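Note that this is a predicted model, so its numbers are computed, not measured.
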Amino acid sequence: MMKKLNKVIFSVTTATLLATTPIYLTNNGQVLAEESKAKELAPEWKVKVELAIQKVKERLPYLADFSYSSLEILEKKDGTNRITIILQTSKEKKKPSFEFSLDKQGNPKGFRYNEEFPEEGRPKIEHDKVVSKATDFMKQWYGADMGGFKYNPNYSDQNEALFTKQVNGLPYLNVNVNLTVNSKGEVISKGEGLYGLGGDDAPALEDLKFADPKEAISKDQAEKAFAKHLKLFYLKQPVEGWNEKTKEYLYGSPTLRYKSEFSEFIDAKTGMEVPDDEGSGSAYEGSGSAYNPIVRVNPVGKEVTVKTTEEAAALFAAFGIESKAEKIKEGISEDTKGKEYTHEINKDLEAIIITEKETGRFMSYGMVDKKKKEREHPEEDPNGKKWLTPEESMKLAIAALEKYGPKHVKEVMPIGTAEFRQRGAEQGFKFVNVHEGIPVLDDEISIRIDRITGEVISLRMEDVSWEPLILPDPKKAVSHEQAVKEYLKVRPLELQYLTPDADILSDNPSYQPILAYRTAISLDHREIDALTGKFTTTGEFH
């Protein structure tokens with residue numbers, strides 16, 4: 001989305017900005033007065049910079065002593081400049097500092113205050129006070145009507161207050177102002193918040209077409225559409241908290257819950273799910289992964305163990321990597337604390353097998369780029385060879401699961417969508433164990449298949465249970481109807497406008513907003529405990 005920018009930086013004091021001598025820029029940051037060697041900052045922009053500094057100082061009293069300023073100019077392909085202004089109390093003292101950018105018209109946009117003594121873990125301030133201070137600021141910045149923005153409790157918490165643009169009386173989720181307030185009640189950052197429209201390339205609000213809210217299906221119809229997506233799932237190890245001393249998660253006993261497995265939004269005209277940029281799945285609420293049909297598996301029945309470099313070499317050979325015992329390095333895996341066997345393929349690439357330290361049980365295989373480079377994934381075979389289809393790749397992944405996975409697992413469910421998991425010549429799958437027809441979302445195996453050779457290029461089984469699980473009885477769960485009723489009572493559906501991420505991030509961006517329903521977000525009400533029929537305070541996380 002972002003255009004490539006040439007960076008041009010120069011420093012001037014506030015007093016200099018309106019000087020009569022022309023100020024020129026060069027790429028190495030020198031300030032020159034020879035037009036032949038540099039590009040001039042237009043006189044009207046010097047005035048705009050001065051006015052912008054005045055505006056932020058008037059609205060933020062803590063900037064009273066910030067007398068030194070410098071500019072960062074990012075030159076864009078279209079010939080315009082993106083200007084960032086940095087304020088400091090003196091040239092020598094780098095902190096505290098205050099940084100803000102200008103919009104196309106030269107008005108101050110977002111800002112960030114870098115405190116001299118940052119507040120450790122942000123001291124608590126009541127959220128009501130945050131909202132009150134943020135609301136006062138919005139009125140000072142935009143005028144009494146707050147520029148058509150309205151406080152949005154769905155996306156606000158602790159030190160942050162988010163304000164969403166209102167159109168036809170509904171929130172337009174792509175245009176927001178997100179403010180952070182410190183414990184002194186000072187507004188220390190102003191940003192765009194969620195679902196941004198893509199920065200400088202985004203169209204102006206007046207160029208967008210907003211459908212009449214009357215065109216939306218009724219709330220009753222939307223609730224029926226939502227109900228289809230509320231499904232049962234297990235967690236064998238639900239996260240219930242965080243231990244500040246040990247810096248580790250605290251886990252509860254196995255749980256059965258209801259959650260919405262859709263991508264957050266329902267198209268308010270069609271009643272269909274609005275896909276996000278990864279095909280499906282909510283970034284805010286947990287994995288939100290799409291459920292797929294259950295697949296039956298027939299485990300081979302022999303557990304694979306590796307206890308020597310000779311056995312590691314034989315397993316590498318099974319994955320298509322020719323190796324010899326003497327070439328394999330032994331160590332301990334940083335991530336899993338299991339035993340690690342490494343074979344160097346070439347100077348950039350190595351293959352790694354990880355086993356359980358005590359038992360030697362095989363847990364994972366994969367290839368690692370030693371330079372940590374991002375791997376490139378071609379979209380089609382340069383030699384015109386027909387690649388394996390997702391269905392053919394799935395069969396190979398299931399065969400690997402049957403050969404190497406737990407022997408008690410008889411059914412699995414692929415989670416997510418093929419579009420999300422496919423990266424060029426690689427096809428990835430995440431399979432979770434299924435108990436009495438219900439997926440166990442944190443009992444998983446991940447497998448990646450090479451669609452050219454059909455080889456398994458990655459097999460991760462660190463999160464799978466090797467023995468049968470004892471899980472809550474689904475017959476004791478409250479009915480689906482009761483769960484839907486409770487969910488929508490606490491988190492009702494709300495009508496709003498949204499330009500989906502999938503549209504903004506596509507190769508041919510389409511910025512038109514749609515009418516959408518989504519359930520009210522609540523940090524205290526994540527999922528329904530299926531045995532009690534009441535909300536939990538922790539969401540699916542693993």
Side-chain angles (χ1 to χ4, degrees), residues 148-157 162-176 193-197 205 208-231 233 257-291 417 480-505 510-528 535 539-540:
F149 288 92
K150 188 178 170 188
Y151 171 65
N152 189 335
N154 274 342
Y155 296 96
S156 302
D157 186 43
L162 187 120
F163 296 80
T164 304
K165 191 80 163 178
Q166 305 295 299
V167 179
N168 298 333
L170 299 177
Y172 178 36
L173 289 184
N174 300 81
V175 180
N176 303 286
L194 300 166
Y195 309 111
L197 269 179
L205 212 60
L208 298 173
K209 296 183 184 76
F210 291 87
D212 188 324
K214 291 194 184 81
E215 292 177 34
I217 58 174
S218 72
K219 204 168 180 181
D220 188 50
Q221 288 169 293
E223 286 179 352
K224 285 190 173 75
F226 169 82
K228 290 177 195 162
H229 291 282
L230 195 72
K231 296 192 177 172
F233 72 99
R257 294 180 184 172
Y258 281 101
K259 77 158 182 159
S260 167
E261 51 95 46
F262 78 140
S263 74
E264 296 188 281
F265 296 99
I266 291 169
D267 187 314
K269 284 189 179 180
T270 64
M272 303 296 284
E273 176 185 17
V274 177
D276 68 10
D277 62 308
E278 293 184 335
S280 181
S282 143
Y284 198 84
E285 298 277 298
S287 79
S289 315
Y291 289 16
T417 59
H480 182 260
E481 193 182 0
Q482 196 178 329
V484 170
K485 203 171 168 185
E486 176 67 15
Y487 201 105
L488 294 173
K489 184 178 84 182
V490 178
R491 295 178 58 175
L493 285 173
E494 296 171 346
L495 188 60
Q496 41 225 297
Y497 290 107
L498 170 80
T499 301
D501 278 355
D503 290 351
I504 296 168
L505 299 174
S510 145
Y511 285 102
Q512 288 310 334
I514 60 168
L515 277 165
Y517 277 107
R518 72 151 300 160
T519 63
I521 290 175
S522 170
L523 295 170
D524 297 324
H525 303 93
R526 300 293 186 93
E527 296 154 355
I528 301 269
F535 267 99
E540 174 219 332

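- Checked against salt bridge (charged side-chain N to carboxylate O under 4.0 Å, His left out), E223 has no partners two or more places apart in sequence or in another chain.
- Between Y291 and F233, the distance separating the two ring centers is not shorter than 6.0 angstrom.
- Within 6.0 Å of atom NZ in K231, more than 12 heavy atoms from other residues, nucleotides or ligands are found, so the atom counts as buried in its surroundings.
- Partners of K269 according to the salt bridge (charged side-chain N to carboxylate O under 4.0 Å, His left out) rule, which considers only residues two or more places apart in sequence or in another chain, are E215.
- We find the CD-CZ distance between E273 and F265 to be 11.5 Å, quoted to the nearest 0.5 Å.
- Closest approach of H525 and R491 over heavy atoms only: O-NH1, 2.9 Å.
- For E494, the side-chain hydrogen bond (donor to acceptor under 3.5 Å, both in side chains) partners are N154, not counting sequence neighbours.
- Using a 4.5 Å cut-off on side-chain heavy atoms (C-beta onward), L173 and Y155 make contact.
- E527 contributes atom CD, which lies 10.0 Å from atom CG of L230 (distance to the nearest 0.5 angstrom).
- Not a single salt bridge (charged side-chain N to carboxylate O under 4.0 Å, His left out) links K214 to another residue, sequence neighbours left out.
- To the nearest 0.5 angstrom, I266 atom CD1 is 10.5 Å from R518 atom CZ.
- The line from CG of L170 to NZ of K165 is 14.5 Å long, rounded to the nearest 0.5 Å.
- Taking K150 as the reference, nothing meets the side-chain hydrogen bond (donor to acceptor under 3.5 Å, both in side chains) condition, with sequence neighbours excluded.
- Residues that satisfy the salt bridge (charged side-chain N to carboxylate O under 4.0 Å, His left out) test with D212, not counting sequence neighbours, are absent from this structure.
- The nearest pair of heavy atoms linking H480 to Y258 is N-OH, 3.3 Å.
- Taking CD of Q482 as the start and NZ of K485 as the end, the distance is 8.0 Å to the nearest 0.5 Å.
- What you find for P171 and T164 is that their closest heavy atoms are CB-CG2, 3.7 Å.
- A search for side-chain contact (heavy atoms from CB on, under 4.5 Å) contacts involving P153 returns Y151, not counting sequence neighbours.
- A268 pairs by the side-chain contact (heavy atoms from CB on, under 4.5 Å) definition with A216, L495, L515, Y517, not counting sequence neighbours.
- Side-chain contact check for P500 versus I514: some heavy-atom pair is nearer than 4.5 Å.
- In this structure, I217 and G271 approach most closely via the heavy-atom pair CD1-CA, 3.8 Å.
- The two residues L493 and K219 make their nearest non-hydrogen contact at O-CE, 3.0 Å.
- When all heavy atoms of Q512 and K209 are compared, the closest pair comes out as OE1-N, 2.9 Å.
- Listed by chain and number, the residues in a ring pair (Phe, Tyr, Trp, His ring centres under 6.0 Å) with F226 are F262, Y487 (sequence neighbours excluded).
- Under the side-chain hydrogen bond (donor to acceptor under 3.5 Å, both in side chains) criterion, D267 pairs with no residue at all, not counting sequence neighbours.
- By the side-chain hydrogen bond (donor to acceptor under 3.5 Å, both in side chains) test, N168 is found to be paired with Y497, residues two or more places apart in sequence or in another chain being considered.
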